[in-house]
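Note sheet for the following structure.
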Amino acid sequence: MGLFDRLRKAFGGQPAEQPEETSASASASTALAESTAAASASAADSTSAAAASIPVESGSTAAPAAPMDEAVSMAAEPAPASVPDQAVAASVQSASASAVAAASAAASESAAQAAATAASASLSAAAAESASLSEAAAATENTGSEAPAEDASLARYDKGLAKSRTSFGDRLNHFLARFRSVDDAFFDELEETLIEGDVGFETALKITDELRDEVKLRNAKKKSDVAEVIVEKMVDLYGEEGAGEDNSLHFSTDGTPTVFLFVGVNGAGKTTTIGKLAHRYQEQGKHVLLAAGDTFRAGATEQLVEWGRRVNVPVVTGPAESDPAAVVYDAVHRAKEENADIVLVDTAGRLQNKVNLMNELAKIKRVITRELPEAPQEVLLVLDGTTGQNALSQAKEFTKTTNVTGIVLTKLDGSAKGGIVLAIRNELHLPVKLVGLGEKMDDLADFDPNKFVYGLFKELIVR
Ligand SMILES: Nc1nc2c(ncn2[C@@H]2O[C@H](COP(=O)(O)OP(=O)(O)OP(=O)(O)O)[C@@H](O)[C@H]2O)c(=O)[nH]1
């Protein structure tokens, strides 16, 4: 079973909207209404277009057998009478999950009970189910006290990905509204739509190629069916590429201090992430040290010192423009002396040129490993989640010369480009380990790949 089906099984019928998301729901209703109207209009258009015998274009869709021609033509499809189908089609656009969930709840168990338990109960069930995706056995015991924490975590992804979801859904829906038949032009433009949706160039090509076969095979005629196949392909590809991926952070195994090295361009969110992580470990009672390895940018050291003050963690610093490797050496040396648990190292995002930057990172790494042979346990590349394809290009540059062990994706709270996670996995083959969901010290979460992809496409998964 692909990831899409597993997620649908886990989350199916869940009223995924949280009560506080009223504005999202309101805009979703509008979007749903608009989209339904658009779907009807386009279906009506389609009917007249079919009467006028607009041919299906040649190419992969000009299949020899009659059923195939029917399969690829969306033109002759009358406006579906049933609400659920339209709801699913429209819901690609935005948060119509509540409508879908309400329909399925009414159809299955007691409607009264479904209405009463609304968000929280079903979210708990979904959270437990979500856990079962990774650890089936553990999940059965996970419905008790851990459920609220799971709820909160799922809700954060849900909220954090609202913009990405709406933006991607809008694009897809807009695209589908313009097409009456699935022909070569359809696939070409789908490719562009996916690239614009930040799923990555190679990923877009791969999905489109696979879809050419799949759409025919499934006899997908309705826009909602085509949309579903598109999302299913994306989710399944993401699932396949992620097999065996390790999203956890690694720590020292020999009792010596753990070192995490943070790299990434200026402004990506390195210092903020270090501050947030320092807060997390400090709260856990760990002895944390910060190293201000960006001696190059004016103000960078002060910024880290300010974070240190805020979360009550000491910061090792050096004079402006001094050798960053020397600062890192001091920090590691102090960590050994004080038997610290973890050192978080900030680095420069830019030097005079790229070669200098990469050489400097290599030097810092050598200094750390000389003092602590197991370290650094993580080299975390921090990427600004709002920059989409740029983030992907930066990542490709960094990984050419630096042995990155994982990605921190920041600013997802303000991003409409969450699709970048698909590209990171499918094209970089690097695990995302942490996600930034705001500027405050608690706004950092361990990355959960399944919750993430569910947050990105939930309306098509919940049915
Ligand atoms: N909304 C939001 N803002 C964030 C997040 N992470 C970082 N920021 C903001 O992004 C800006 C840049 O963050 P920094 O931590 O200074 O970035 P940096 O990579 O250390 O940049 P340099 O110090 O210039 O190398 C700051 O205004 C942060 O508050 C996040 O997850 N969400």
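We use all heavy atoms of the structure for the numbers below, so side chains are in, but hydrogens, waters and symmetry mates are not. Note that the coordinates shown come from a computational prediction; the quantities given were computed from them, not determined experimentally. Ligands are counted one by one from 1 in listed order, and the atoms in each one are counted from 1 as well.
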Pairs of nitrogen or oxygen atoms, one from ligand 1 and one from the protein, closer than 3.5 Å: please tabulate them with distances.
| unit_1 | atom_1 | unit_2 | atom_2 | d |
| --- | --- | --- | --- | --- |
| ligand 1 | 1 (N) | Asp413 | OD1 | 3.4 |
| ligand 1 | 1 (N) | Asp413 | OD2 | 2.7 |
| ligand 1 | 10 (O) | Lys411 | NZ | 3.2 |
| ligand 1 | 13 (O) | Thr272 | OG1 | 3.4 |
| ligand 1 | 15 (O) | Thr271 | N | 3.2 |
| ligand 1 | 15 (O) | Thr272 | N | 2.8 |
| ligand 1 | 15 (O) | Thr272 | OG1 | 2.6 |
| ligand 1 | 16 (O) | Gln303 | NE2 | 2.7 |
| ligand 1 | 17 (O) | Gly269 | N | 3.0 |
| ligand 1 | 19 (O) | Gly267 | N | 3.4 |
| ligand 1 | 19 (O) | Ala268 | N | 3.2 |
| ligand 1 | 19 (O) | Gly269 | N | 2.9 |
| ligand 1 | 19 (O) | Lys270 | N | 2.8 |
| ligand 1 | 19 (O) | Lys270 | NZ | 3.2 |
| ligand 1 | 20 (O) | Lys270 | N | 3.4 |
| ligand 1 | 20 (O) | Thr271 | N | 2.9 |
| ligand 1 | 20 (O) | Thr271 | OG1 | 2.6 |
| ligand 1 | 21 (O) | Gly267 | N | 2.7 |
| ligand 1 | 23 (O) | Arg297 | NE | 3.4 |
| ligand 1 | 23 (O) | Arg297 | NH2 | 2.8 |
| ligand 1 | 24 (O) | Gly267 | N | 3.4 |
| ligand 1 | 24 (O) | Arg297 | NE | 2.9 |
| ligand 1 | 25 (O) | Asn266 | OD1 | 3.1 |
| ligand 1 | 25 (O) | Lys270 | NZ | 3.2 |
| ligand 1 | 29 (O) | Glu439 | OE2 | 2.6 |
| ligand 1 | 31 (O) | Lys276 | NZ | 3.3 |
| ligand 1 | 31 (O) | Lys411 | N | 3.0 |
| ligand 1 | 31 (O) | Gly436 | O | 3.4 |
| ligand 1 | 31 (O) | Gly438 | N | 3.3 |
| ligand 1 | 31 (O) | Gly438 | O | 3.1 |
| ligand 1 | 32 (N) | Asp413 | OD1 | 2.9 |
| ligand 1 | 32 (N) | Gly438 | N | 3.4 |
| ligand 1 | 32 (N) | Gly438 | O | 3.3 |

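Within the structure, salt bridge (charged side-chain N to carboxylate O under 4.0 Å, His left out) pairs that include any residue of residues 255-284 comprise Arg280-Asp446 (at least two apart or interchain). Residue pairs satisfying the ring pair (Phe, Tyr, Trp, His ring centres under 6.0 Å) criterion with at least one member in residues 420-447, sequence neighbours excluded, are listed as follows: Phe447-Phe452.
Each of Glu241, Glu191, Glu427 was compared with Lys206 under the salt bridge (charged side-chain N to carboxylate O under 4.0 Å, His left out) criterion, and only Glu241 meets it.
Taking both residues in full, the closest heavy atoms of Asp323 and Ala325 are given as OD1-N, 3.0 Å, listed atom of the first, atom of the second, then distance.
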* **Evaluation steps, salt bridge (Lys or Arg N to Asp or Glu O under 4.0 Å), between Glu360 and Lys363** => CA-CA 5 Å; Glu360 184 185 293; Lys363 185 174 167 192; over 6 Å; no
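Under the ring-ring contact (aromatic ring centres under 6.0 Å, His included) criterion, Tyr281 pairs with Phe251, sequence neighbours left out.
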